[in-house]
Amino acid sequence: MRNHTTIITFILLGLTDDPQLQILLFIFLLIAYMLGITGNLMILLLTIVDARLKTAMYYFLQNFSILEILFTSVAIPRYLYSVTTGDRTITYYACAFQLFFVYLFGVTEFFLLATMSYDRYVAICKPLHYMTIMNQQVCRRLVSCCWVITLLVLIPFVSVVMGLEFCDNNALDHFSCDVNALIMISCSDTQFIENLVIICAVFILIATLLFVAWSYTCIIRTILRFPSAQQRKKAFSTCSSHMTVVSITYGSLIFIYVKPTTKDAMKINKGITLFATSVSPMINPFIYTLRNKQVIQALKDLVKKLLLSRN
């Protein structure tokens with residue numbers, strides 16, 4: 001923290017001051033958080049114990065579930081604590097910690113989603129070479145690259161953001177530490193950082209989305225050339241879950257970080273951020289399991305084993 005910064009704690013204003021609405025939000029977020037953690041842990045467990053789920057696709061899904069657990073756990077428990085105790089304060093360093101890890105896990109998810117689209121591209125467009133191209137070593141390198149690229153982008157960005165000066169206003173109009181909320185209360189010249197936010201958003205969101213779009217363009221062209229309608233249906237079904245998750249994830253965060261920040265937009269942004277950090281991690285495991293016969297079968301087999309072991 002810079003020596004001339006006078007603010008050592010922030011106050012998170014949250015989502016609402018209405019006590020009844022706070023109770024409803026608390027119940028909803030608690031249920032969503034528990035379902036999200038449970039669903040992602042279930043996928044994580046299945047991909048570890050079931051031998052049929054040892055392909056590249058499920059390795060990436062396993063890593064995606066880990067990221068979802070970490071991502072939702074950075075902000076939601078802190079907000080639930082705030083609603084329960086009424087303590088809305090957060091220290092400068094705790095805010096920096098939360099900001100860094102929200103972006104670390106969130107941005108890594110985007111690169112991982114792009115990697116997962118490449119996996120589907122190889123599986124559909126180059127099926128005979130799939131096991132050779134997407135071997136275990138390659139998969140590990142791809143996941144490692146997602147983390148490394150995120151850190152290379154994120155560390156300078158967060159360093160610049162936390163170099164902002166905060167003079168007499170420490171009330172963040174958000175339920176967690178958010179870069180747009182920090183910019184709004186800073187007494188520094190924020191033009192450079194606002195432009196930096198847009199540049200980083202374009203680089204991360206748009207670049208990865210273009211790669212996903214390219215992958216699926218190739219996939220769709222290949223599928224349409226399949227002679228059998230059953231083959232086309234089966235190929236589309238292997239990609240439908242990933243396409244749904246991509247649509248939900250990109251749709252929400254592109255709106256937040258590409259759209260120029262205004263005071264009125266902050267209210268909408270809080271709602272979308274809440275969706276991205278609570279609802280999305282809750283529904284993503286169900287999207288992947290309900291549309292995936294292998295995962296459903298693995299879950300049934302695991303339940304049978306547990307029931308038989310009890311008997």
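Between Cys177 and Cys95, a gap of under 2.5 Å is found separating the two SG atoms.
Contact detail for Ile69 and Ile37: the closest heavy-atom pair is CG2-CD1, 3.7 Å. Scanning both residues, Met57 and Tyr130, for their nearest heavy atoms gives N-OH, 3.5 Å. Nearest heavy-atom pair, Lys126 versus Ile133, reported as atom, atom and distance to 0.1 Å: CD-CD1, 4.2 Å. Between Lys54 and Val49, the closest heavy-atom pair is NZ-N, 4.4 Å. Between Phe275 and Pro281 the shortest heavy-atom distance is O-CD, 4.2 Å. Closest approach of Phe100 and Leu154 over heavy atoms only: O-CD2, 3.5 Å.
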* Apply the test side-chain contact (heavy atoms from CB on, under 4.5 Å) to residues Leu80 and Leu29: give CA-CA distance (whole Å), side-chain angles for both, the deciding distance (0.1 Å), then the verdict. => CA-CA 8 Å; Leu80 294 175; Leu29 288 176; 3.8 Å; yes

* Residues Asp50, Tyr58; criterion side-chain hydrogen bond (donor to acceptor under 3.5 Å, both in side chains); working and verdict -> CA-CA 10 Å; Asp50 198 295; Tyr58 295 108; over 6 Å; no

* Given side-chain contact (heavy atoms from CB on, under 4.5 Å), test Arg120 with Ile219 step by step and report yes or no. => CA-CA 8 Å; Arg120 292 298 82 207; Ile219 288 170; 3.8 Å; yes

* To do: Might you work through the side-chain contact (heavy atoms from CB on, under 4.5 Å) test for Ser82 and Leu12, ending with a clear yes or no?
  => CA-CA 9 Å; Ser82 176; Leu12 299 173; 5.6 Å; no

* Might you work through the ring-ring contact (aromatic ring centres under 6.0 Å, His included) test for Phe64 and Phe60, ending with a clear yes or no? => CA-CA 6 Å; Phe64 186 75; Phe60 293 131; over 10 Å; no

* Asked: Given the rule in the side-chain contact (heavy atoms from CB on, under 4.5 Å) test, do Tyr216 and Tyr121 qualify, once you have shown the distances and angles that lead to the verdict?
  -> CA-CA 7 Å; Tyr216 276 103; Tyr121 160 77; over 6 Å; no

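A 4.5 Å side-chain heavy-atom check between Val161 and Leu99 finds at least one atom pair inside the cut-off. Side-chain contact check for Tyr92 versus Thr9: every heavy-atom pair is 4.5 Å or farther apart. By the 4.5 Å heavy-atom criterion applied to side chains, Phe203 and Thr208 are not counted as neighbours. Contact check for Glu68 versus Ile43: no side-chain heavy atoms found under the 4.5 Å cut-off. Between Tyr59 and Met134 the shortest side-chain heavy-atom distance does not fall below 4.5 Å. Taking the side chain as every heavy atom from C-beta outward, Tyr79 and Leu15 approach each other to under 4.5 Å. By the 4.5 Å heavy-atom criterion applied to side chains, Phe28 and Val279 are counted as neighbours. For the pair Val143 and Arg140, the minimum side-chain heavy-atom distance is 4.5 Å or more.
The six-membered or imidazole ring of Phe97 lies away from that of Tyr93, with a centre-to-centre distance of 6.0 Å or more. Within the 6.0 Å centre-distance limit, the rings of Phe10 and Phe166 are counted as a close aromatic pair. Taking the six-membered ring where the residue is Trp, the centroids of Phe111 and Trp147 are separated by 6.0 Å or more.
Without hydrogens or angle criteria, Asn170 side chain to Leu172 main chain gives no donor-acceptor distance under 3.5 Å. Using modelled atom types, one side-chain atom of Ser186 and one backbone atom of Glu165 make a donor-acceptor pair closer than 3.5 Å. A donor-acceptor pair under 3.5 Å is formed between the side chain of Ser241 and the backbone N or O of Ile287. Formation of a donor-acceptor pair under 3.5 Å by the Ser215 side chain with backbone atoms of Phe211 is found in this model. The main-chain N or O of Ala298 is never found under 3.5 Å from a side-chain atom of Asp301 such that the two would form a donor-acceptor pair. A side-chain donor-acceptor contact under 3.5 Å links Ser117 to the backbone of Ala114. Counting only distance, with no hydrogens or angles, the side chain of His174 and the backbone of Gly14 share no donor-acceptor pair below 3.5 Å. Although no hydrogens or angles enter the test, the distance criterion places no donor-acceptor pair under 3.5 Å between the side chain of Asn135 and the main chain of Met131. A donor-acceptor contact shorter than 3.5 Å links the side chain of Asn40 to the backbone of Gly36.
To the nearest 0.5 Å, atoms OG1 (Thr91) and CD (Gln98) are separated by 10.0 Å. Separation of atoms CG (Leu53) and OG1 (Thr55) is listed at 7.0 Å; rounding is to 0.5 Å. To the nearest 0.5 Å, the span separating OG on Ser278 from CG on Leu30 amounts to 11.5 Å. Atom NE2 in His242 sits 9.5 Å away from atom OG in Ser247 (nearest 0.5 Å). One finds the CG atom of Leu112 at 8.5 Å from the OG1 atom of Thr108 (value rounded to the nearest 0.5 Å). Rounding to the nearest 0.5 Å gives a distance of 11.0 Å between CG of Asn180 and CD1 of Ile193.
Leu25 and Leu13 fall into different hydrophobic clusters, defined by Ile, Leu, Val, Met, Phe, Trp and Tyr side-chain heavy atoms under 4.5 Å apart, directly or through other members. Linking Ile, Leu, Val, Met, Phe, Trp and Tyr whenever their side-chain heavy atoms come within less than 4.5 Å puts Val197 and Ile155 in one cluster. Linking Ile, Leu, Val, Met, Phe, Trp and Tyr whenever their side-chain heavy atoms come within less than 4.5 Å leaves Leu152 and Leu196 in two separate clusters. If you chain together hydrophobic residues whose side chains sit under 4.5 Å apart, Val148 and Tyr103 never meet in one group. The cluster map of Ile, Leu, Val, Met, Phe, Trp and Tyr, joined by side-chain heavy atoms under 4.5 Å apart, puts Leu128 and Phe226 in different clusters.
For Ser73 and Tyr33, the side-chain atoms include at least one donor-acceptor pair closer than 3.5 Å. Between the side chains of Gln191 and Asn195, at least one donor-acceptor pair of N or O atoms lies under 3.5 Å. In summary, the side chains of Thr89 and Asp87 do present a donor paired with an acceptor at a separation below 3.5 Å, with no hydrogens or angles considered. In summary, the side chains of Thr72 and Thr277 do not present any donor paired with an acceptor at a separation below 3.5 Å, with no hydrogens or angles considered.
Applying side chain to side chain contact (heavy atoms under 4.5 Å, CB included) to Phe157 and the options Val107, Val179, Ile199 leaves one that passes, Val179.
Under a 4.0 Å N-O distance rule, the pair Asp178/Lys270 does not qualify as a salt bridge. We find that Asp17 and Arg88 are joined by a salt bridge, their nearest charged nitrogen and carboxylate oxygen being less than 4.0 Å apart.
Gln136 CD: 12 or fewer foreign heavy atoms inside a 6.0 Å radius.
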